[in-house]
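One structure below.
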Amino acid sequence: MAQRRTVVDIAAGVSSGALSASAVLEENLAAIGSREKEIHAFNLVTAERARERAAQIDTDVKAGKKVGRLAGVTIALKDNMCTRGVETTCSSKILAGWKPPYDATVVRRLADEGAVFVGKTNLDEFAMGSSTENSAFGPTRNPLDTSRVPGGSSGGSAAAVAAGFAAASFGSDTGGSIRQPAALCGLVGVKPTYGTVSRQGLIAFGSSLDQIGPFSSTVADSALLMEVIAGHDPLDSTSIPQPAPSLLNVLDQGVKGMRIGRITDMPEGSSPDVLARLEAAFEALRGAGAQIVDVKMPSMSFGLTAYYLVAPAEASSNLARFDGVRYGLRVDAKDLNAMYGATRAAGFGDEVKRRIMLGTYALSAGYYDAYYGKALKVRRLIADDFAKAYESCDAILTPTSPTVAFKFGDKTSNPLAMYLCDVFTIPTNLAGHAAMSVPFGTGEAGLPVGVQVLAPALGEAPMFRVAAELERNA
Amino acid sequence: MSTSTGAAQNPSSVVASAEQLIDGWELVVGLEVHVELATKTKLFSASANRFGDEPNTHIDPVTLGLPGALPVLNRHAVELAMRLGLALNCRVQPCSFHRKNYFYPDLPKAYQISQYDQPLNVDGFLMLPGEVRIGIERAHLEEDTGKSTHFGGAEGRIHGSEYSLIDFNRAGVPLVEIVSRPDIRTSEQAKQYVSELRAILLAVGASDAKMEEGSMRCDVNVSVHKPGTPFGTRCEIKNVNSIRAVGRAIDYEARRQIDIITSGGSIKQQTLHWDDAAGRTNVLRTKEDADDYRYFLEPDLVPLAPDTAWVEQVRSALPPLPAARRETLAKLTGQSKESEAVAVVVERGQDTYLAEVAKVGGDAARALVYVQQAFAEEAASPRVPAGDLAALTLMEKNAKITATQAKTLLAELVANGGGDVIAMAKSKGFEAMDTSALEGLVDAAIAADPDAWAKFKAGEQKAMGALVGAVMKSSKGKADGKAVTALLQAKANA
Amino acid sequence: MPEAISRETVAKVARLARLDLTDAEIERMTSQLAGMLDHFRDVDALDLSNVEPMNQPIPLTNVLRDDVVAPSLDRDEVLASAPAAQDGRFRVPPIIGFEE
Ligand SMILES: [Mg+2]
Ligand SMILES: [Zn+2]
């Protein structure tokens, strides 16, 4: 595999004139040319648009014009972020071919800083899945071992960076959809505090859980990308009215004196290679001067249960707009109701239908209190557990995924087994806190293991300090 | 959103008087009124809130429910809703938004964002003439739907149509739904309620409240029962589009329900449609197959919690309300506060102007009649300067001109947007006749019709008409009818 | 906790969600939903009586925007991606089984 360039290096090189944006892009396009057929990271590669953009940046640099903080940085976008005039499909037949008439806020901020978009990446349909096997356009393969999944739902974004197709990428994380594929592909992946990154233009899955975040090869790259995309957006009512956090300047601060939580009642089921790497991570932080403290998360194991009602309930409503009236697929029928039913049956895949059904049921008359209402209370318990834990620590370490990348088809026949992939990532989404996955060595079959760093709401700075320390010790 | 009006089984403390009963049955009516707020933009997005433009020219990602679009609440819509709530004596409270999920082509997201168990305004009331108090359960914010037009069937009806076309200009327009308690006991009260609500909406500037354009829409809940027994099963009549239709629909529906019950049948809970041309209600659907709306808190919006300072700021900026203004105008003009002239002038907002006329020395009672009769097409601030109208009232009051002449001059004043009424009267030869000239004409009329004169003297008042008519004719309309009558009377008594 | 989900309930939910499911899909969905709902019984072990539901992770209030008009989207661009359009509007098949 070709040596990957970092975001930080590209941005510095291109803006100083030492590196050509077009040359960087051509390296990525060459990698795409040689491996994309096998990997299928993309739903769409926008090579021509990217070439024009890169050339423009090179011209601007030569002309002495001010270029942005991401000048020439090649970026792949998960195909659930709206890009004006460029197909945005959510890897669903129901939206195939749709060209949004507007840009997501994140897309606009990246473009404003000189990013070069190479394409739209594959995902589990509507971000529902943990392996990218649920895409209507076929699965994405893990570039590190193509017999294995890249994780999901942002599997295409993870694979694109791991395969050298782009310097960085963006995914969305509703229950682990950035962190888990980052772990399985050996990348850094960040799920920001809910409300830190605008959701405007992100096609919703679970509105109270979704956040956009970066995939990158290094912690510093993610820090820079976060500084660009985070910060208040008046177009998103749930956006926290604060500027983006400063993260690059905390990376060298080390962890001396920091208190790192170890969950003593962690859900079981992680494989020994993963647990061994987690132990090594604690050791590394202890060695760097951190104090390891025991914390309890008695409700953590209920997170999965709560999540699989809250997210589908929101999704059942969010996905109701795909009705064949204004955009996307329509299956013609004799009357309106028949058109609705036929369109949605033909347009959505199995997993999406399953979650729409579950969510519709959980919200319907007579069942709300027993399911959705109860799930929201469990959600509160989990948030309370975290609040209590953070009284005695600054960050918590867990595995990101219970196992390294698994083989295709291993979990597709059993939805519950697939859902278990997210047991460590989901609680943070429910609480709305910050979390990220950092590669920390390898496990079974030499595949990467990710360690998850959890931090409280708006705890991005301490989280990045820990992540940077782990990276130095990986 | 449609919210149930009151609990069907709770007898209200409001009891109809004996003469309000229909064959011994008490009518129970609650109203749900939707009004579009007079904002520049939509409730949750920045595209224009404008009626009557080319279809789909006020659309944006939020309006169309495009994937990824997010709602952001319009501050002005909240303030207008608060203004209305306060004018309706409601409590303004912390509130939230829910999603009401259902599929319909004019509902872009397949859910309506509305307020469910925590509305902005609660527990108010509205006073009708005769100190009748109608409770307001709630007045909540929600978004309007788009507009479907049906083709290929009869007369644009949905039934039998071949296809429908959807325009989303109206989608997302801010609405307030005002839900009354079931305190209304007659169709007349229902009409008064709608009319008073409309007056308040106009007074506070919350809406243009044009029923014919749909910016104010009434759903009427009707049931009947014997006084002292639990409420009957109610039917909801949708989209009744004029105040007159509200009265007619209620009268029709009450009769229909009473006839069913008295002939041994029972009322099914139904949603009805009022056919104004046919003068009857038709069944839209029966309640059993009502949708399951799966309400849940809108995760894309955060709670709204107006603090005391904000509420008080809105309250203190409230203009005088119609009831108070009618009282003031009634006092000024010596009329009843329930008189039509007072109501009409206040509704047009011309009461301030009228006070101005009185202030510059005009006769308020006459001014009220003039304004009611001639200023229907004028704005709240009529173009005729208050001083000009005041001068006209004085000329008539001081018998310088006749009532008929005053009417002519009034029309001219309105047409020209004002003028010097004394000069106008002069140029028309409207100076009133002096008494001696008038007396000559009266004597001539008596001489010409001794028969009538004899009858009049004998006390036959009808005979006076012929004599007055003759004088008016011979004076070419310049004589003042009242002066002629007075002269005749004096001569008869002499 | 309500009783196990039935085939009839699944069919009704599918109608509510406007998803035409085949008999086989309803059959499969019934057992899969039953499995997931059964898993949810785990939370019966928790005492939730005094727990406030948590709808949103970050507590914000009064997020408001000024009443200022922004340009409309271009109608032709929007209608171009509609499945069916006519006379500047979106076209849908006859509406049957709804109220007017
Ligand atoms: Mg209603
Ligand atoms: Zn309503």
Side-chain angles (χ1 to χ4, degrees), chain A residues 80-82 88-90 95 98 100-105 126 195 198-204 206-210 233-239 310 313-314 316-328 336-337 339-341 344 359-368 372-373 376, chain B residues 44-46 56 59-75 96-113 116 146 148 150 158-168 171 290-304:
Chain A
N80 61 352
M81 296 174 207
C82 287
T88 301
T89 70
C90 283
L95 213 45
W98 182 59
Y102 76 109
D103 274 330
T105 296
F126 283 101
S198 172
R199 294 183 295 116
Q200 203 267 150
L202 169 68
I203 301 180
S207 309
S208 76
L209 304 156
D210 298 340
D233 179 14
L235 295 177
D236 175 356
S237 303
T238 62
S239 170
V310 173
E314 292 181 0
S316 71
S317 175
N318 286 331
L319 270 59
R321 69 188 61 197
F322 300 101
D323 60 4
V325 173
R326 285 145 293 127
Y327 42 79
L336 181 73
N337 259 333
M339 184 278 277
Y340 281 155
R344 290 166 59 79
T360 305
Y361 176 73
L363 287 175
S364 63
Y367 301 105
Y368 180 100
Y372 184 66
L376 293 178
Chain B
F44 298 117
S45 68
N56 293 307
I59 52 174
D60 59 70
V62 175
T63 297
L64 288 174
L66 295 187
L70 295 174
V72 186
L73 184 58
N74 181 336
R75 180 193 312 274
S96 56
F97 290 90
H98 273 69
R99 291 186 184 180
K100 177 186 183 180
N101 295 283
Y102 67 96
F103 286 86
Y104 200 75
D106 63 21
L107 186 69
K109 304 179 296 298
Y111 55 84
Q112 180 195 30
I113 303 178
Y116 183 51
S148 317
H150 314 296
I158 193 167
H159 183 75
S161 67
E162 286 164 23
Y163 63 93
S164 302
L165 298 180
I166 322 290
D167 167 18
F168 290 106
D291 258 317
D292 176 347
Y293 293 120
R294 289 158 286 138
Y295 285 103
F296 73 106
L297 268 171
E298 165 57 287
D300 289 331
L301 290 169
V302 303
L304 175 64

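Per-residue heavy-atom pair counts under 4.5 Å with chain A were compared for B/Pro61, B/Ala69, B/Pro71, B/Pro108, and the maximum is reached by B/Pro108. For the set A/Ser207, A/Gly324, A/Ser198, the entry with the most heavy-atom pairs within less than 4.5 Å of chain B is A/Ser207. For the set B/Ala110, B/Ser164, B/Pro67, the entry with the most heavy-atom pairs within less than 4.5 Å of chain A is B/Pro67. Residue with the most contacts toward chain B among A/Asn318, A/Leu376, A/Asp210: A/Asn318 (heavy-atom pairs, distance under 4.5 Å). Chain B forms the most heavy-atom pairs under 4.5 Å with one residue out of A/Ser364, A/Cys82, A/Ala204, and that residue is A/Ser364.
Atom CG of B/Leu64 and atom CZ of A/Arg321 lie 10.5 Å apart (nearest 0.5 Å). A distance of 9.5 Å separates CZ of B/Phe103 from CG of A/Asn337, quoted to the nearest 0.5 Å. Between A/Arg326 atom CZ and B/Ile166 atom CD1 the span is 10.0 Å, to the nearest 0.5 Å. Of the inter-residue distances, the one linking B/Leu70 atom CG with A/Thr238 atom OG1 reads 7.0 Å to the nearest 0.5 angstrom. Distance check: B/Asp292 CG to A/Tyr368 OH gives 12.5 Å after rounding to the nearest 0.5 Å.
Of the atoms belonging to A/Leu319, not a single heavy atom falls under 4.5 Å from chain B. A/Asn80 does not touch chain B: none of its heavy atoms, backbone or side chain, sits under 4.5 Å away. In this structure, chain A has a heavy atom under 4.5 Å from the side chain of B/Asn101, while its backbone stays farther away. Heavy atoms of A/Pro100 lying under 4.5 Å from chain B are absent altogether. Contact annotation for A/Ala365: both backbone and side-chain heavy atoms come within less than 4.5 Å of a heavy atom of chain B. Neither the backbone nor the side chain of A/Ser316 comes within less than 4.5 Å of any heavy atom of chain B. Residue B/Tyr163: no heavy atom, backbone or side chain, is found under 4.5 Å from chain A.
Contact detail for B/Pro105 and A/Val325: the closest heavy-atom pair is O-CG1, 4.2 Å. Nearest approach of A/Glu314 to B/Arg99, heavy atoms of both residues: O-NH1, 4.2 Å.
Across A/Ser208, A/Ser237, A/Ser317, a single residue satisfies side-chain contact (heavy atoms from CB on, under 4.5 Å) together with B/Pro299, and that is A/Ser208.
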